[in-house]
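Take a look at the structure set out below.
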Amino acid sequence: MQHQVVIIGGGPSGTLLALLLAQAKIDVLVLERKTKEYVLSRIRAGVLEWNTVDMLTKSGVGSRMNTLGYVHEGTFLSSANRQFRIDFKKTVNKQVMVYGQTEVTFDLYEALRKYDVKILHEVDDVSLDNLNKEFSRVSYKDRSGISKTVKTQFIIGCDGFHGISRKYIPSKILKTYEKIYPFGWLGVLSETPPVSDELIYANHERGFALASMRNKNLSRYYIQVPNSDKIDKWSDQSFWDELKFRLPTETSDKIIIGPSIEKSIAPLRSFVSEPMSWGNLFLAGDSSHIVPPTGAKGLNLAVSDVHYLSKSLISFFVENDKNFLEKYSETALSRVWKGIRFSWWMTTVMHNFPGQNDFERKIQLAELEYLSNSIGAQKSFAENYVGLPY
Ligand code: RFL
Ligand code: PHB
């Protein structure tokens, strides 16, 4: 078997890249460890930068998003029971789209079916060889347990943080940067009307909270919890009580509660591995970098990697130009670090850190007060939140 490109991982970065390459008539194979049902049921991101919206629309997968998604022209932040709004439209003349990652992935799988792109699910034991030769090899076991080997020109690691691809970059060359935060997010999805038309990021001395949404009758809420907390500790009622405590009273008085239909705890981490390519191997998305969800940047950084990488691969295959591929890692990382910085900054300002002293608390409050009063600070926040240009 032979393909021009083999992509490891059928999450949003793998499937969007596969679609863009297939549209340029590049022969691509996607290998995914889980079932399609599993991939399509993962509840994750909710906010798309306009760059992401444009990319999805231009690649022909925007019609459900543009009908079912919600355009948000601003967001609320709160601290000390005071809520203020940052207006993206007024400050930077841009907006974001609230549309679940689950829906984005569904749209991408539908499009891949139309382009007849081959995705193999439930593959196991993926391994890579000959990364520095003209052609490389990918070996795996298919869903029936039969060993297969594919010859390919390029291997793209879109296999997320726990994937195998990154580990093929020799340790002498790979440099990683990491910050692990001493808390996680407990997230709840519930079939209740969202409490607010726009998101509310709340800083509270008991910990951070976020009110988000998926649609008119589907709310997504998060609260900061200690890393040691187990999900069983949180009944629905205890979640709602804590959420109400942390949101400003004007909001929590209006919240409509109901049973959770999904409840999970996610740890928070900032992580970057450099470089994003080695020989014929290229990394995109969470396989190379992770952000805490506070700035809503994870999925959007995966999409910007795919933007740069698809252009580079297309210019190689169509124009025989290797220049962009050679610069891919440097180009993608320059944008990644800005997303890492913004997510780290927002996490630092909005969360309660165990052992935080009065000075650190006062600095957080001063940051938020400055943001609430300064149009310059709001412009900088909005510019980063809606997404820096590609
Ligand atoms: P994914 O989505 O992890 O997909 C990787 C895929 O690779 C497969 N895989 C393998 N396949 C074959 N062989 C192997 N050895 C394999 N190992 C792994 C996996 O099964 C999987 O299907 O990475 P990708 O495509 O790079 O996409 C990244 C995004 O999913 C991620 O950045 C976002 O979900 C992060 N994120 C958010 N991003 C935003 O932009 N806005 C948000 O509002 C936002 N909210 C969030 C989030 C992530 C969260 N969690 C749970 C981490 C909220 C949360 C709670
Ligand atoms: C979400 O709706 O899941 C969501 C929204 C904004 C974030 C993170 C997650 O910053």
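One-based numbering, in listed order, for ligands and for the atoms of each.
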For [X] and ligand 1, answer yes if some heavy atom of the residue is under 4.0 Å from a ligand atom, otherwise no.
| X | result |
| --- | --- |
| Y222 | yes |
| H162 | no |
| G187 | no |

Distance to 0.1 Å, residue and atom name: give those for the protein heavy atom nearest to [atom].
| atom | value |
| --- | --- |
| atom 27 (O) of ligand 1 | P12 CG, 3.5 Å |
| atom 42 (C) of ligand 1 | A45 CB, 3.2 Å |
| atom 31 (C) of ligand 1 | D286 OD2, 3.3 Å |
| atom 43 (O) of ligand 1 | G46 N, 3.1 Å |

Quiz prompt | Crowding at CD, Q356 (>12 non-hydrogen neighbours, <6.0 Å) | solution =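 Result for CD/Q356: enclosed.
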Quiz prompt | Greater than 12 external heavy atoms within 6.0 Å of N132's CG | solution =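 Yes.
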Exercise. Only heavy atoms count here, so choose which of K34, H289, R44, E32 is nearest to atom 2 (O) of ligand 1.
Key: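 That would be R44.
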Quiz item: Which pairs, with at least one residue in residues 205-229 and sequence neighbours excluded, count as a ring-ring contact (aromatic ring centres under 6.0 Å, His included)?
Solution: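 For residues 205-229: W185-F208, W185-Y222, F208-H351, Y221-W240.
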Exercise. Hey, could you give me each pair passing ring-ring contact (aromatic ring centres under 6.0 Å, His included) that has a residue in residues 27-78? Not counting sequence neighbours.
Key: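 Matches after skipping sequence neighbours: none remain.
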Quiz item: To which residues is I290 joined in a hydrophobic cluster, defined by side-chain heavy-atom contacts under 4.5 Å among Ile, Leu, Val, Met, Phe, Trp and Tyr, whether direct or through other members?
Solution: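 Direct or chained contacts put I290 with F161, F271.
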Quiz prompt | Residue shell around ligand 2, heavy atom under 4.0 angstrom | solution =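 If the criterion is a heavy atom under 4.0 Å, then ligand 2 touches R44, G46, V47, W185, L199, Y201, L210, S212, R214, R220, Y222, P293, T294, A296.
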Ion pair present between [X] and [Y], side-chain N to carboxylate O less than 4.0 angstrom?
| X | Y | answer |
| --- | --- | --- |
| K90 | E73 | no |
| K263 | D236 | yes |
| R214 | E262 | no |

Where ligand 1 meets [X] - atom numbers and elements under 4.0 angstrom, heavy-atom basis:
| X | value |
| --- | --- |
| N300 | 40 (O) |
| G298 | 32 (O), 35 (C), 38 (N), 39 (C), 40 (O) |
| L31 | 11 (N), 12 (C) |

Quiz item: With F316, which of F324, F282, F154 fulfils ring pair (Phe, Tyr, Trp, His ring centres under 6.0 Å)?
Solution: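 The option that passes is F154.
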Quiz item: When only distance counts, is R220 in polar contact with ligand 1, meaning an N/O pair under 3.5 Å?
Solution: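 Not met; the criterion fails.
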